[in-house]
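Here the structure is laid out as structure tokens; the discussion comes afterwards.
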Amino acid sequence: MVSKTLNAPNGYKVRISLKTALGEDAYEWNQSEMFFFQATMAFAMRRHFQMETYNVDNIILCVQTSRVSFWFVVTSPDNTTMLIPKADVEKAVRMSRHRINNAFLLSDRTLEFLGIYPTLAAPVNPDTPPWLIVFGVVIGAVCVGIIALLISSLLQKRRKEKGMTEDGQDEEDMQVKGVENGINLDGTYNRGFTDDDRFTKL
Amino acid sequence: MPEEGMEDSKGGEERPKWNNKAEYLLTCIGFAVGVGNVWRFPYLCQIYGGGAFLIPYLIALVFQGLPLLYLELAIGQRLRMGSIGVWNSISPYLGGVGVASMVVSFCVSLFYNTIVAWVLWYLFNSFQEPLPWSQCPLNHNNTGYVEECVESTPVNYFWYRKTLNITPNMETSGSLQWWMVVSLATAWSIVYICFIRGIETIGKAVYVTATFPYLVLTIFLVRALTLPGAYEGLIYLFTWEILKNPQVWLDAATQIFFSLSVAFGGLISFSSYNNQKNNCEKDAVLVGVINSATSIYASIPIFAILGFKAHTNYVSCLNGNILALTNDFDISDMNITVENYEQWFDSLNGTHPSRVSDLNLKTCDLQTFLDQSASGTGLAFIVFTEAVISMPGSQVWAVLFFIMLFSLGLSSMFGNLEGVLTPLHDLKLVPKWMPNELFTAIICLLLFLMALIFCLGSGNYWLEIFNSYVGSVPFLIIAFFEIIAVAYIYGIGRFSDDLEFMTGHRPNIFWKVCWLVISPLMLFVVLVAYVAVQAQTPPTYAAWNPDYVNFPDTEVLPYPDWVFAICVLLSSVPVISIPLVAIYRLICCMSGRHSKDSLHNDPNPYANEDYVVERARP
């Protein structure tokens, strides 16, 4: 109840979801972890401003709940009554967000700074879309297949035509005499089922 | 001695033959088993309840599907010609039935291969990590996600925007989507390579395309049954309701009819390449039973996966609520779980009702998620792709699923295209100098160019029109005339003689009663009921319009007048040839000229078909 109505214009609320992030390996959130957070935030402020020496005392925490969530404000190292404006804190957090996340083994989603939205991951844009590669493989195989089949049909036809004109005479004689594979068969060949056209050509 | 083996260039090329019986059966089964078995039948089971739907479905199979199937396979095998030649032989007045079959097959080939092209597109895109439909893309300045995607879902966005690039309504045609053209070209190339040498190459291709879907369905069955929520999904298959809704009978009859792919002419063509002494009765029963068994078998993994998807959606809905409650009340992380959500909710609502209502928690009901049904492209490209994202190893499952859909579609395309090519061959419209390969290539190219209309921005709307108006009523009309022609004009006696010649025994009383009375009656009732239902539904379509007030719901728009005129044309032009040819023949007959059938112009004295077919003239 207090968290919603807390009047902290320069403070940020932090929300940590340990069990969601780590499951069984979740560590316990205790005072040492809070100290670690203060140290991490001081590091982030130092990193951003580079001139001023922030310390753990400059990070003030309050309203801790079992969620785990809490509010924090940052005081200036020179004057502890002066609070660092929200915008500067945001810049510092954004700059070191990755380091802060990793310090606690968390991610943008499980270590939330309410009000500081995570930058969206830039999409990986490969030079050639993967689907074009698959398409290229498939269409290449199909084209090769079509050409191969067409060529083999053509060769077959040519072979048949050559075979017909060369051994046309021999085939007739073999059929008439009932010769197959060079072996004389007994019995007479029934001419009723042959193609008459060939005979009439004689 | 095979009669046709010795014919040569003078009497026309010898008719191609199947290499073995297995190729013929697999081709017929592949033609009958199509994408509808996977994405239409389970949907009907879901909305009517599996147990309730199966009864009218099986009745329709036995009394309407099997007789029609047997009839088509028998006449094709006996008369050894494609659809046009066959119906010309049975009765020249009903030659229009064959022409209608060919025209309808032509139209169906156009849009069916576009569906295959969509499947190929999704297949090509499944080889990515992460899957492109699993997350929203960033907008131009990388500040957030694309708005259209955020408002609907990534899956919907990928289908409507990235795949179809759909226009908000039918009047806006949009432009040609090059990636769709590329996929369509691939689809037609693959169809062409299978058709290059006619049934010789088709027979080889069906060993894979007809059997692979069963392998994938089995893999999915095993995987799906181990997923959480599968059991809840399967309940749909076993729900029994009283058959008080007459609509269920209409849907069952139309489903079995369209599923078996009769009236396309493809089955007639396939069986015309058979040996005449082949037991087509057994073939017909086998194909029909396998087709229905496949539908039922496919429903099991589909329902299991739909149950898994509903369960996943339910859990994520609950998790959203849990997160809202946890964050607002600062409760310890993961204290509220899916199991104890109800108790927590009740206690929090009791103590702080105003705060809880301010959170605007969603009502999560598993039954609502389970009741979300989809059929057709919605099932494959939206619902199933969403389910696949949540399965571990998504790429593998996506690839398997889309290869299965591709095989199903390709083997059905064989029948569709065969229903176009064989009649053209039999009509001797192919010039002698043109090799078959070139003719097939020309037809494929022509179909590809005409199908480019479906690659426009408004292509999906046009495909729906083709599907509803060409792929429905014309078939019912053609099948009705087919059965009347054989049972009454050709004569059941003559037909029984032919069947005795082919199978060795006369058809029993069941077949005769079906052909004479039951099947024509059922077809007529189904036709009238279907047209009546269609006439009552206003001609509207669902448009995907991002600017719509209720987006992501689809906007229901009426068809523009010119589109509606096209719909009427699509339904009537294919079947108009039936009365036209009859009138033409009547005029010719009355004016005294003998209508010479070009098919009987070459009397080869050693071919016995001539004698047999002469008997068939009225």
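Chain letters run A, B, ... following the sequence lines, proteins first, then strands; residues in each count from 1. Note that the coordinates shown come from a computational prediction; the quantities given were computed from them, not determined experimentally.
- Rounding to the nearest 0.5 angstrom, the gap separating the CD1 atom in Ile139(A) from the OG atom in Ser189(B) is 4.0 Å.
- For chain A, the nearby parts of Ile190(B) are the backbone and the side chain; heavy atoms of each come within less than 4.5 Å.
- Between atom CG of residue Leu132(A) and atom CZ of residue Phe124(B) there is a gap of 9.5 Å, rounded to the nearest 0.5 Å.
- Counted within 6.0 Å of CZ on Arg109(A), heavy atoms from surrounding residues, nucleotides or ligands total 12 or fewer; the atom is thus considered open.
- Contacts between Val138(A) and chain B at a heavy-atom distance below 4.5 Å involve the side chain alone, from C-beta outward.
- Between Lys13(A) and Asp330(B) there is a salt bridge, since at least one side-chain N of the basic residue sits less than 4.0 Å from a carboxylate O of the acidic one.
- Between Trp121(B) and Trp131(A), the ring planes are perpendicular. Angles over 60° get that label, and only those under 30° would be called parallel.
- With a 4.5 angstrom heavy-atom cutoff, Phe329(B) does not touch chain A via any of its atoms.
- The number of heavy atoms from other shown groups lying within 6.0 Å of CZ (Phe35(A)) does not exceed 12.
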Pair Val68(A)-Asp333(B), side chain to side chain contact (heavy atoms under 4.5 Å, CB included): steps then yes or no | CA-CA 7 Å; Val68(A) 171; Asp333(B) 190 25; over 6 Å; no
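- For Glu147(B), the CD atom sits in a loose shell: 12 or fewer heavy atoms of surrounding residues, nucleotides or ligands are nearer than 6.0 Å.
- Looking at heavy atoms from C-beta onward, Pro130(A) lies out of side-chain contact with Glu129(B) at the 4.5 angstrom threshold.
- The closest side-chain heavy-atom distance from Ser152(A) to Arg197(B) is below 4.5 Å.
- Looking at Leu323(B), only its side chain comes within 4.5 Å of chain A, counting heavy atoms on both sides.
- No more than 12 heavy atoms of other residues, nucleotides or ligands lie within 6.0 Å of NZ in Lys162(B), so this atom counts as exposed by the packing criterion.
- Side chain of Ser332(B) to main chain of Ser66(A): a donor-acceptor pair is present (N/O by atom type, distance under 3.5 Å, no hydrogens or angles).
- Residues Leu149(A) and Ile193(B) are in side-chain contact: their nearest non-hydrogen atoms beyond the backbone lie under 4.5 Å apart.
- For the atom pair Leu150(A) CG and Glu437(B) CD, the distance stands at 6.0 Å (nearest 0.5 Å).
- For the side chain to side chain donor-acceptor pair (under 3.5 Å) criterion with Arg67(A), the lone passing option out of Asn335(B), Asp328(B), Asn327(B) is Asn327(B).
- Only the side chain of Thr201(B) comes within contact range of chain A, with heavy atoms under 4.5 Å apart.
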